[in-house]
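Since the structure comes first, as structure tokens, the remarks are kept for the end.
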Amino acid sequence: MDYMYFNNAGAGLMSEGTYKTLTDHMNLEMNVGAYKAATIKSDAVNNFYSLAANLLNAESKDEIAFIDSASRGWNLIIYGLDIKESDVIVTLSSEYGTNLLTIYDIVKRTHCGIKVIQCNSEGHFSLDDVEQALQSGGTILAVSHVAAQGSIVNPVVELGILAQKYGATYVVDGCQAVGQIKVDVQKINCCAYVTAGRKWLRGPRGTGILYVRRNAPIHTPQIDLASADLVFDEFGTVVDVKVRDDAKQFELWEKSTASLLGLANAIQEYLDYGIDVAAQEVCVKANYIRSFVVSNPNLVLVGSENSSTGVVGFYMKDPKQEKKVKELIEKENFIVSYVCDWDCPIFFPKNGVQYVFRISPHYYTSNDDIQAICNLIQRL
């Protein structure tokens, strides 16, 4: 059965090159064992950090850690901030559910303050509101670069300027940005930035990148032999624990070498394809789809009609038609995703729908498939 794939915001389709990188390393592990295989591929493993630094325009590869998901990276950041009762976290109402859960868990544990900046129906918010929140005591600014539920791209550079102005620690979730939008962490001026490998980068599931700027006030909440050493005195008594001072402090000893190498291959392919070329192609295809969404009076677009993100979200004006639409999409072999209220709990539509239908083309999505889904959207 031939499917038309439009769920790159969930997981991009791996290339043959990435798949071969994975399977070749697994075959090597099968023959010589996982540890020997990792030693053989040590140069390629080390190259991952250089590739990831290049991808994000980090100042140094020492600011890069390999992680197993963006959620893991976000949690490492938030729980590694040493948040106190006197702190105030500033975030947005359009934030992803996992991010909000982590933030509110920290609020519960530490009794710190929280200020949620309200976004309008298109996901826009006032920078003046953010500035007021920071000026009146906000110490941590935690936001997403691109929202998960629709065509919402947040002004992360402008937010970084405000964070610097008021001395706030600035952390960004780039899970839906990297691989479809050019990312420059130095220009964003954030203390930490996290992304997934499986989405727009087309890497293996269970991979991600964590950037932590050198000297950022974030320290790993977990350690093992990969990230720390015991310190002994001259009598052999343990007197201290010395933790690495680079981003690898956030890694653990056990990780999938095959997956890391697969992600490295996916990054290299993306860089070779061209960051700007990929961004332009994704943008054109997504905006074309959005034009069909807004022209259908039965649908409500989430976010802006013209946007730089490939995430296209909409919901039914009449909730009773939702089930029928879902069945039609699946019957005609389109693979899309369905965003639920727990995915964007504060920002979710209030008209009684259960889903935001999310369509996310990539640069490799054929024009025939783009036109096919637009024709379907016309009929909904």
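Just so we're clear, the structure is a prediction, and the values are computed from it rather than from any experiment.
No side-chain donor-acceptor contact under 3.5 Å links Thr21 to the backbone of Leu261. For the pair Asp87 (side chain) and Lys84 (backbone), a donor-acceptor distance under 3.5 Å is present. Between the side chain of Glu85 and the main chain of Cys112, no donor-acceptor pair closer than 3.5 Å is present. Looking only at distances, a side-chain donor or acceptor of Ser366 sits under 3.5 Å from a matching main-chain atom of Asp369. Between the side chain of Thr195 and the backbone N or O of Gly174 there is at least one donor-acceptor pair closer than 3.5 Å. Remark: side-chain polar atoms of Arg198 are not paired, donor with acceptor, to backbone N or O of Pro204 under 3.5 angstrom. When atom types are taken as modelled, the side chain of Gln149 and the backbone of Cys340 share no donor-acceptor pair closer than 3.5 angstrom. In terms of modelled atom types and a separation under 3.5 Å, the side chain of Asp246 and the main chain of Lys248 share a donor-acceptor contact. Judged purely by atom type and a 3.5 angstrom limit, Ser136 uses its side chain to pair as donor or acceptor with the backbone of Gln132. A donor-acceptor pair under 3.5 Å is formed between the side chain of Glu322 and the backbone N or O of Tyr355.
Expressed to the nearest 0.5 Å, how far OG of Ser144 lies from CG of Asp173 amounts to 4.0 Å. For the atom pair Ile106 CD1 and Ile83 CD1, the distance stands at 5.0 Å (nearest 0.5 Å). Interatomic distance, Glu95 CD to Cys344 SG, rounded to the nearest 0.5 Å: 11.0 Å. Put simply, CG on Asn296 and SG on Cys374 are 11.5 Å apart, with the number rounded to the nearest 0.5 Å. The structure places CZ of Phe334 at 8.5 Å from CD1 of Ile329, a figure rounded to the nearest 0.5 Å. With rounding to the nearest 0.5 Å, the separation of OG1 in Thr18 from CD1 in Ile267 is 9.5 Å.
Minimum heavy-atom separation, Leu22 to Gly262: CG-CA, 4.5 Å. Residues Cys283 and Ser307 come closest through the heavy atom pair SG-O, 3.3 Å. The two residues Lys199 and Cys175 have their closest heavy-atom pair at CE-SG, 3.1 Å. When all heavy atoms are compared, the tightest approach of Val107 to Gly113 is CG2-O, 4.4 Å.
Counted by atom type alone, Gln371 and Asn375 present one or more donor-acceptor pairs between their side chains at under 3.5 Å. Gln249 and Asp245 form no side-chain donor-acceptor contact under 3.5 Å, judged by distance and modelled atom types alone. Glu63 and Tyr193 share no side-chain donor-acceptor pair at under 3.5 Å.
Within a 6.0 Å radius of OH in Tyr19, no more than 12 heavy atoms belonging to other residues, nucleotides or ligands are found. Under a cut-off of 6.0 angstrom, the local environment of CE in Met26 is sparse, with at most 12 non-hydrogen atoms contributed by other residues, nucleotides or ligands.
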Could you list the donor-acceptor pairs under 3.5 angstrom formed by side chains in residues 312-319, with sequence neighbours left out?
from   : atom 1 : to     : atom 2 : distance (Å)
Lys317 : NZ     : Pro297 : O      : 3.1
Asp318 : OD1    : Lys320 : N      : 3.1

Quiz: residues 45-55 side-chain donor-acceptor pairs under 3.5 angstrom, not counting sequence neighbours:
from  : atom 1 : to     : atom 2 : distance (Å)
Asn46 : ND2    : Ser42  : O      : 3.2
Tyr49 : OH     : Glu251 : OE1    : 3.2
Tyr49 : OH     : Glu251 : OE2    : 2.8

*Given side-chain hydrogen bond (donor to acceptor under 3.5 Å, both in side chains), test Tyr5 with His362 step by step and report yes or no.*
CA-CA 9 Å; Tyr5 192 79; His362 213 314; over 6 Å; no
*Take Gln135 and Tyr166 through the test side chain to side chain contact (heavy atoms under 4.5 Å, CB included) and record every step on the way to the result.*
CA-CA 6 Å; Gln135 189 177 35; Tyr166 294 100; 3.7 Å; yes
*Which is it for Ser304 and His124 under the side-chain hydrogen bond (donor to acceptor under 3.5 Å, both in side chains) test, yes or no, and what are the steps along the way?*
CA-CA 9 Å; Ser304 302; His124 299 151; 3.1 Å; yes
*Begin with the C-alpha distance, continue with both residues' side-chain angles, and end with the deciding distance and a verdict on side-chain hydrogen bond (donor to acceptor under 3.5 Å, both in side chains) for Glu269 and Asn265.*
CA-CA 6 Å; Glu269 288 185 355; Asn265 184 82; 3.1 Å; yes
*Derivation and outcome, side-chain hydrogen bond (donor to acceptor under 3.5 Å, both in side chains), residues Asn75 and Arg72*: CA-CA 5 Å; Asn75 286 351; Arg72 179 85 67 191; over 6 Å; no
*Give the intermediate values and the outcome of side chain to side chain contact (heavy atoms under 4.5 Å, CB included) for residues Gln176 and Thr309.*
CA-CA 8 Å; Gln176 290 293 352; Thr309 174; 5.8 Å; no
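Side-chain contact between Gln180 and Tyr270: absent, with no pair of heavy atoms (C-beta onward) separated by less than 4.5 Å. Side-chain contact check for Val356 versus Val302: some heavy-atom pair is nearer than 4.5 Å.
Among residues at least two apart or in separate chains, side-chain hydrogen bond (donor to acceptor under 3.5 Å, both in side chains) pairs with a member in residues 211-227 are Asn189-Arg213.
By the 4.5 Å side-chain criterion applied to Ile, Leu, Val, Met, Phe, Trp and Tyr, Val238 is assigned to a cluster that also includes Ile223, Leu230, Phe232, Val241, Val243. Side-chain contacts under 4.5 Å among hydrophobic residues (ILVMFWY), followed directly or transitively, place Leu252 with no other residue at all. Through side-chain heavy atoms spaced under 4.5 Å, either directly or across other Ile, Leu, Val, Met, Phe, Trp or Tyr residues, Ile181 is tied to Val146, Val153.
The pair Lys36-Glu29 does not meet the salt-bridge criterion, since no charged nitrogen lies less than 4.0 angstrom from a carboxylate oxygen.
Relative to the six-membered ring of Tyr338, Lys326 meets both conditions, a distance below 6.0 Å and an angle of at most 45° to the axis.
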